[in-house]
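Inspection log for the structure reproduced underneath, given as structure tokens.
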Amino acid sequence: MEEKMTSKRRAELRGQANKLEPLFQVGKSGVTDAVIAQTLEVFNTRELIKLKVLLESAPEKPREIAEKIAAATESEVVQVIGGSMIFYKENPELKDGKKPAKKAEAKKSGTGKGAKDFKKIYNARAKKEEERKAEQRRTYSRYGKAGSGRFSK
């Protein structure tokens, strides 16, 4: 486990945790052996997890519950906000099994098939819009303002 998590790393993990759904809830029983066992089991397959505290029935504040769980599972509390708690525990086995992710090369703007297709679509939409406006101008010029004149009711 890392000595102390940096603020940059913490911010990165918070961003990743936005997509996560809470795996389970801590309720009126608080932090029990079952909660600890369940959390440890999840850390075998993931490094970052999100848990939920039922604020109405929990015996303690979410921050206190998070500290207890972190101490029992040897993980780190990334964030506690409202009833949501985010934990991180480094797992070297998970890192060994994964191939390092390659960074995608950034495309230069205006090049490649995607930019050409975009330009065609944009030009087609612009042409349709211009035709619509021209038709609207012809309609207004024939009868004056829309809704006025002898044809309006």
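Both backbone and side-chain heavy atoms feed into the values below; hydrogens, waters and symmetry mates do not. The model shown is predicted, which means the values in this text are computed figures rather than measured ones.
No more than 12 heavy atoms of other residues, nucleotides or ligands shown are found within 6.0 angstrom of CG on D33. Open room surrounds CZ on R46; 12 or fewer heavy atoms of other groups in view lie less than 6.0 Å from it.
Note on I86: it does not cluster hydrophobically with V77, by side-chain heavy-atom contacts below 4.5 Å among ILVMFWY residues. Note on V80 and I65: same hydrophobic cluster, where clusters join Ile, Leu, Val, Met, Phe, Trp and Tyr whose side-chain heavy atoms are under 4.5 Å apart, directly or indirectly. Under a hydrophobic-cluster definition in which Ile, Leu, Val, Met, Phe, Trp and Tyr are linked whenever side-chain heavy atoms come within less than 4.5 Å, directly or via other members, F43 and V78 are assigned to different clusters.
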Please assess L40 against N44 for the test side chain to side chain contact (heavy atoms under 4.5 Å, CB included), listing each intermediate value before the final yes or no.
CA-CA 7 Å; L40 285 170; N44 290 334; over 6 Å; no

Kindly determine whether E47 and E90 satisfy side chain to side chain contact (heavy atoms under 4.5 Å, CB included), including the steps that lead there.
CA-CA 6 Å; E47 290 186 331; E90 189 173 349; 4.1 Å; yes

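Between atom CE of residue M85 and atom CD of residue Q25 there is a gap of 10.0 Å, rounded to the nearest 0.5 Å. Taking OG1 of T73 as the reference point, atom CD of Q38 lies at 12.5 Å (rounded to 0.5 Å).
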Distance-only donor-acceptor pairs under 3.5 Å for side chains of residues 121-132, two or more places apart:
unit_1, atom_1, unit_2, atom_2, d
N123, ND2, K119, O, 3.3
E129, OE1, R132, NE, 3.4
E129, OE2, R132, NH2, 2.6
E130, OE2, R137, NH2, 3.3

Show me the donor-acceptor pairs within less than 3.5 Å that the side chains of residues 48-61 make with the rest of the protein, sequence neighbours left out.
unit_1, atom_1, unit_2, atom_2, d
K50, NZ, A17, O, 3.3
K50, NZ, L20, O, 3.2
K52, NZ, S84, OG, 3.2
E60, OE1, K68, NZ, 3.2
E60, OE2, K68, NZ, 2.6

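Of all non-hydrogen atoms in I69 and I36, the two that sit nearest each other are CA-CD1, 4.1 Å. The two residues F87 and S75 make their nearest non-hydrogen contact at CD2-OG, 3.8 Å.
Between K8 and E12 there is no salt bridge, since no side-chain nitrogen of the basic residue lies less than 4.0 Å from a carboxylate oxygen of the acidic one.
Shown are R9, Q79, Q16; of these, the side-chain hydrogen bond (donor to acceptor under 3.5 Å, both in side chains) with Y88 is made only by R9.
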